[in-house]
Structure formats: C-alpha cells, structure tokens
Student: 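I have a structure here, written as structure tokens, and I will follow up with some questions on it.
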Amino acid sequence: MQPGRILLSCAVLVALALPPHAAPDEELLGKAAGYPVGKPANWFFDQSVRVGSFSRLDSFLPHYTLRKAASPLPLPKAASEPKLAYRFEKQSYSLDDFLAHQRVTGLLVIKDGQILAERYQYDRTATDRFVSHSMAKSIVSLAVGMALSEKKIASLDDTVAKYVPDLAGNPYGETAIRNILRMASGVPFKEVYDGNDDNSKFNRIRLTRDSVTALRAFPTREVEQGTQFHYASNQTVVLTLLLRAVDRHQPKRISDAAAVAADGRGGRRDLDQDQGRHRIRIGKFQRRPARLWPAWNPARQ
C-alpha cells in the first residue's frame, strides 16, 4: 500500500472521530440537560431553558393553532449551496464562522424563492418550531390593513382613542393610527431586554393588571408624534387593542393575517394570546429560526 493512501485513510478516520463543532455557549444554554423547557416565569430570561422554551412555547403559554394553507407556496432548496461569505472589520467570514460565533438556533438564506442555505444548532432541526418574536408586528399591521379595507377603521389619521376610549388623554390614545403603525408616537420607551427596562415594566403591569393600565404608565411624549421613529414593542399592543375594539372577531382577524403572511412550510403556526381582561399578547409565531441573544458581534470570539 502506498504511504500517501495510508495517510489519507488515517486523516479520514480522525475527521470522522472528531465531535461536531460546538455551538456557542451550548452548556450555558442547557445542552447537558437536553435543552429543557421553561415555565411562564422564567422562559425569557433564564438562559438554561431558552433554547428549549423557544421551540416549545405552546407547551406552557396560551396559544392559537393556525393551520397551514391548503396549497402552500413551495420553498424548494437550491440545487447546490453557493459559497456565502461576509466581511467584518476588513476580514472575510463564512456562514460556518458566523454560526460558530453566534447564538443562532437556525439560519435560512433565501433568494428568489429558493433556500440557498439551511443550518441548525443546539440540537434543533427543520421539524422544530421556532419563536419569531417581532415578526408578529408585521402580522398585526396586515390585520390593521384588513380592518381599514373593510371600513372598520375609517382612516389611519384617526386617533386610537376614537376606537379605544380607555386610552383617551394618554399619548398613545391621542396618537394617529398611522403614527402608531410607524412607531412614531413620540413616547419615550427603553427596550434593551435586561429585565429592568421599560419593556419589562410594561409587561409586569400587563401581567398583573391589563394592557390599558400598562400603556397609561407612560404618560408623556419626548417629541411630537410622527416626527421620529422609535422602536417600541408596546406600540404593537396599542394596535391589538385597536383591532379588538373594531372587530369582535379579532383573534380570527389576526389568524387570517397570519395565514396571508405564512409561507406554508410548517404544519402549524402558534400564536400566544392572553385570555380575558382585554389583554392580548401577539408575539410568538413558532416556525422561524431564532437567535439567542446576547450575540451582536459577527466575529465574536
């Protein structure tokens, strides 16, 4: 046998014996415990249950099940995966580099209706559902458009309080629907997901009281409405209150909007909603791959 072939065979055996590349912080995120699922009180901030919870929200939070379309749009894979790369701080990186340095459960690269690349980490697969967080904002905006087209909302220039009188006198209620859709209410709102920000304060009040009370906890503007974009998740809650006020069948309206937006690849779409007290939490369509923050630097070592 030639020495070159012996060396090649040994190299192959060594490569096969090596364990798969570890995902970032996988032990911190619960790998040894099989990525356990959390509870309503800890699923969001407890890192040890984050991976499991993000794929199993329907096991511990109220939700609606949205059935896939009868004829879903196909989303085929490309015949071959192209070489995909990006640059950061004058260096080139591949998709594998990105995944090795980021807390990403799954990554889809789609162009022209085809999947160019599809990768998963943390023992997730294509059969899992994934939390999509703020994709729900787009779904809610579609539902507002439907209500407008059906004349249930007369004009986007109407104030929210015209339809939700409980918000009269509050900046959110006195803001035009158009500017709420643009996240331009002018109300200061800090959203950094550290457990102590305005978003946490808002959600604590919602859990113990209701959405109107939570919104009224923010009584001032810092700039005139419509003049400055400021990302704030609670403005989407304003829109859900608006939809509930104009349409008694609002959960179905949200579901219809979701069906319009859904790509149809999964068998289910799960939507979390609080029950009663005019409090609705639209925010957890479970299909898309999710990132497990913190992970902002594409080249983090």
Student: Can you find a heavy atom in the side chain of Thr175 that is under 4.5 Å from one in the side chain of Thr159?
Tutor: no
Student: My understanding is that only residues two or more places apart in sequence, or in another chain, count here; which of them pass side chain to side chain donor-acceptor pair (under 3.5 Å) with Ser80?
Tutor: none
Student: Which residue pairs pass the salt bridge (charged side-chain N to carboxylate O under 4.0 Å, His left out) test with at least one member in residues 220-233, sequence neighbours excluded?
Tutor: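 Residue pairs passing salt bridge (charged side-chain N to carboxylate O under 4.0 Å, His left out), neighbours aside: none found.
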Student: Taking Lys137's backbone N and O only, do any of them form a donor-acceptor pair with Ser134's side chain (distance below 3.5 Å, no angle check)?
Tutor: no
Student: How far apart are the closest heavy atoms of Leu29 and Pro24, and which atoms are they?
Tutor: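 Answer, listing the atom of Leu29 first, then Pro24: CD1-O, 3.9 Å.
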Student: Keeping Glu191 on the side-chain end and Asn199 on the backbone end, is there a donor-acceptor pair under 3.5 Å?
Tutor: no
Student: Is a side-chain donor or acceptor of Arg209 paired with a backbone partner of Ala214 at a separation under 3.5 angstrom?
Tutor: no
Student: Taking 4.0 angstrom as the limit, do Arg119 and Asp96 come out as a salt bridge?
Tutor: yes
Student: Please confirm whether the backbone N or O of Ala23 pairs with a side-chain atom of Glu26, one donor and one acceptor, at under 3.5 Å?
Tutor: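 Side chain of Glu26 to backbone of Ala23: a pair is present.
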Student: Please give me the minimum heavy-atom distance between Asp58 and Arg129, naming the atom from each residue.
Tutor: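 In terms of heavy atoms, the two residues are closest at OD2-NH2, 2.6 Å.
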Student: State yes or no: are the ring centers of Phe218 and Phe189 separated by less than 6.0 Å?
Tutor: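 Between Phe189 and Phe218, which both carry aromatic rings, the centre distance is below 6.0 Å.
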Student: So, Asp210 versus Thr213: side-chain donor-acceptor pair below 3.5 Å or not?
Tutor: yes
Student: Examine the side chains of Ser53 and Tyr35 and answer whether a donor and an acceptor come within less than 3.5 Å of each other.
Tutor: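 Judged by distance alone, the side chains do not pair up.
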Student: Can you list the residues that meet the side chain to side chain donor-acceptor pair (under 3.5 Å) rule with Thr125, with sequence neighbours excluded?
Tutor: Thr127
Student: Once side chain to side chain donor-acceptor pair (under 3.5 Å) is applied, do any residues pair with Asn179, and if so which ones, sequence neighbours excluded?
Tutor: Gln225
Student: Regarding Glu118 and Tyr120, is there a side-chain donor-to-acceptor distance under 3.5 Å anywhere?
Tutor: yes
Student: Which residue pairs pass the salt bridge (charged side-chain N to carboxylate O under 4.0 Å, His left out) test with at least one member in residues 155-167, sequence neighbours excluded?
Tutor: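 Sorted pair list: Asp157-Arg178, Asp158-Lys162.
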Student: Looking only at heavy atoms, what is the nearest atom pair of Arg103 and Tyr122, with distance?
Tutor: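 Smallest heavy-atom distance, with atoms named: CA-OH, 3.4 Å.
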Student: If the threshold is 4.0 Å, N to carboxylate O, is there a salt bridge linking Asp197 and Lys190?
Tutor: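 Result for this pair is no, no salt bridge flagged.
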Student: Can the ring centres of Phe54 and His133 be said to be less than 6.0 Å apart?
Tutor: yes
Student: Of all residues at least two apart in sequence or in a different chain, which pass the side chain to side chain donor-acceptor pair (under 3.5 Å) check with Thr227?
Tutor: none
Student: Establish, from distance only, whether the side-chain atoms of Thr105 and Arg124 form a donor-acceptor pair under 3.5 Å.
Tutor: no
